[in-house]
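Read through the structure below, which is laid out as structure tokens, and then see the notes.
For ligands, and for the atoms within them, numbers begin at 1 and follow the listed sequence. What you see is a predicted model; the values in this text were computed from it and never measured. FYI, side chains are in, hydrogens and waters are out, and symmetry mates aren't considered; it's all heavy atoms of this structure. Heads up: numbering here begins at 1 and tracks the sequence.
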Amino acid sequence: MAYIIDGKKISAEIKDELREEVKELKAQGITGALAVIQVGCDPASSVYVRNKKRACEYIGIDSLSYELPESTSQEELLKLIGELNSKDSVKGILVQLPLPETIDEDAVIRAIDPAKDVDGFHPVNVGALLIGQKGYVSCTPAGIIQLLKRSGVAMEGKHCVVVGRSNIVGKPMSVLMLRENATVTITHSRTQNLPEVCRTADILIVAIGKREFIDASYVKEGAVVIDVGIHRDENNKLAGDVRFDEVEPLCKAITPVPGGVGPMTIAMLMYNCVEAMKN
Ligand code: GUN
């Protein structure tokens, strides 16, 4: 039986630590708000945005909500970001993705002041991560490092295979594992002999966005498996990128879906917001 890594519990611990820290900062007169921008009303985005605002409320930081219509132009969005960049009381700015197709996501990310980019998506923060300098780190991979550390999973010298090379998860994940002195392999849709490569992993991090893609043939006995995927089927049943029932008996430890990586993203967003308050 694998150890089930409890993301709900670990994210709650982190939020409680941050809540205490915010109390202390407020006692010193240090405050600040997170601006949350949503364009359009994609239902999944609305759920994420609501949860982010709730987390702000829980840890004690203000959130400013900007719910803009689907018809918002890129120019209007960039203008709002410019205003928030120059507002001292706004310490963090988050633009919920995806944006409508008429808006260039890259231009929007670049418009956010890197010092307020609590998502860690701005090229300045991505570059800082790569060369080991201070900056905001993308929340999902930062959350996975916390899951591993707080579950006692040693990374140093271990072979970590990351499946997926997205800018938000796969690429920053591989850099963070490298920072922890793991040996890292990044794999993707063009990787040859993917099951064979994955079977060499001591730590397998799966972020491919394909429901239950990873079966037992991809996993070495005794591996630690982190599942970043989240998919809802027609019966509303949630599953990850990993076939949990098949893979779990092989593993030393594994994250469930839901209740694994998911809750960590918001906890780490709150961590970045508190860092922004302190800066
Ligand atoms: N859409 C899906 N995940 C994220 C995230 O972490 N941040 C933002 N801004 N949008 C997202």
Side-chain angles (χ1 to χ4, degrees), residues 7 11 14-15 33-56 61 63-68 70 72 74 77-78 80-81 84-85 90-101 103-126 129 135-147 164-173 175-176 205-210 226-232 238 240-241 257-258 260-273 275-276:
S11 68
I14 291 172
K15 282 188 283 185
L34 170 68
V36 182
I37 306 172
Q38 184 181 358
V39 184
C41 47
D42 172 64
S45 288
S46 299
V47 172
Y48 289 129
V49 164
R50 192 182 331 126
N51 289 339
K52 288 170 186 180
K53 289 190 284 198
R54 273 192 196 145
C56 283
I61 61 178
S63 65
L64 304 170
S65 199
Y66 296 87
E67 284 158 25
L68 309 180
E70 183 84 20
T72 303
Q74 181 166 319
L77 180 56
L78 294 181
L80 172 61
I81 292 170
L84 296 169
N85 279 343
V90 173
K91 304 293 186 202
I93 302 171
L94 181 149
V95 180
Q96 187 63 29
L97 304 178
L99 288 166
E101 276 176 11
I103 299 178
D104 176 3
E105 229 163 68
D106 217 36
V108 170
I109 291 169
R110 280 176 186 275
I112 299 171
D113 177 349
K116 298 189 178 188
D117 167 41
V118 286
D119 260 325
F121 293 168
H122 192 287
V124 164
N125 283 315
V126 177
L129 170 65
Y136 296 110
V137 178
S138 182
C139 303
T140 301
I144 292 169
I145 295 291
Q146 286 302 311
L147 279 182
R165 55 176 160 178
S166 69
N167 290 339
I168 293 180
V169 183
K171 283 180 200 157
M173 189 73 247
V175 178
L176 287 172
I205 300 179
V206 188
I208 40 178
K210 288 187 182 154
I226 304 293
D227 187 351
V228 182
I230 183 146
H231 312 273
R232 198 178 285 278
L238 289 171
D241 289 349
V257 177
V261 173
M264 295 302 292
T265 302
I266 291 182
M268 298 317 288
L269 173 68
M270 294 302 106
Y271 175 86
N272 283 349
C273 289
E275 288 301 299

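The shortest N/O to N/O separation between Leu94 and ligand 1 does not fall below 3.5 Å.
Looking at heavy atoms from C-beta onward, Leu78 lies in side-chain contact with Val108 at the 4.5 angstrom threshold. Put simply, the side chain of Pro98 reaches to within 4.5 Å of the side chain of Ser45, judged on heavy atoms. Arg54 places a side-chain heavy atom less than 4.5 Å from the side chain of Asn51. Contact check for Tyr66 versus Leu84: side-chain heavy atoms found under the 4.5 Å cut-off.
Across the listed options Asp119, Ile93, Val108, Asp119 owns the non-hydrogen atom lying nearest to atom 6 (O) of ligand 1. Nearest to atom 1 (N) of ligand 1 by heavy atom, out of Thr265, Ile109, Leu97, is Leu97.
Within the model, atoms CD of Gln96 and CG of Asp119 stand 7.5 Å from one another, a figure rounded to the nearest 0.5 Å.
For Tyr48, no heavy-atom contact with ligand 1 is shorter than 4.0 Å. At a 4.0 Å heavy-atom cut-off, ligand 1 touches Lys52 through the side chain alone. When non-hydrogen atoms are compared, ligand 1 lies under 4.0 Å from neither the backbone nor the side chain of Thr140.
With a 6.0 Å radius and a threshold of 12 heavy atoms from other residues, nucleotides or ligands, Phe121 has its CZ atom above the threshold.
With hydrogens left out, the protein atom closest to atom 4 (C) of ligand 1 is Gln96 NE2, 4.1 Å, a heavy atom.
Heavy-atom contacts of Val95 reach the following atoms of ligand 1: 8 (C), 9 (N) (cutoff under 4.0 Å).
In this structure, Met268 does not count as a contact residue of ligand 1, since none of its heavy atoms falls inside 4.0 Å of the ligand.
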Derivation and outcome, side chain to side chain contact (heavy atoms under 4.5 Å, CB included), residues Ile14 and Met270: CA-CA 9 Å; Ile14 291 172; Met270 294 302 106; over 6 Å; no

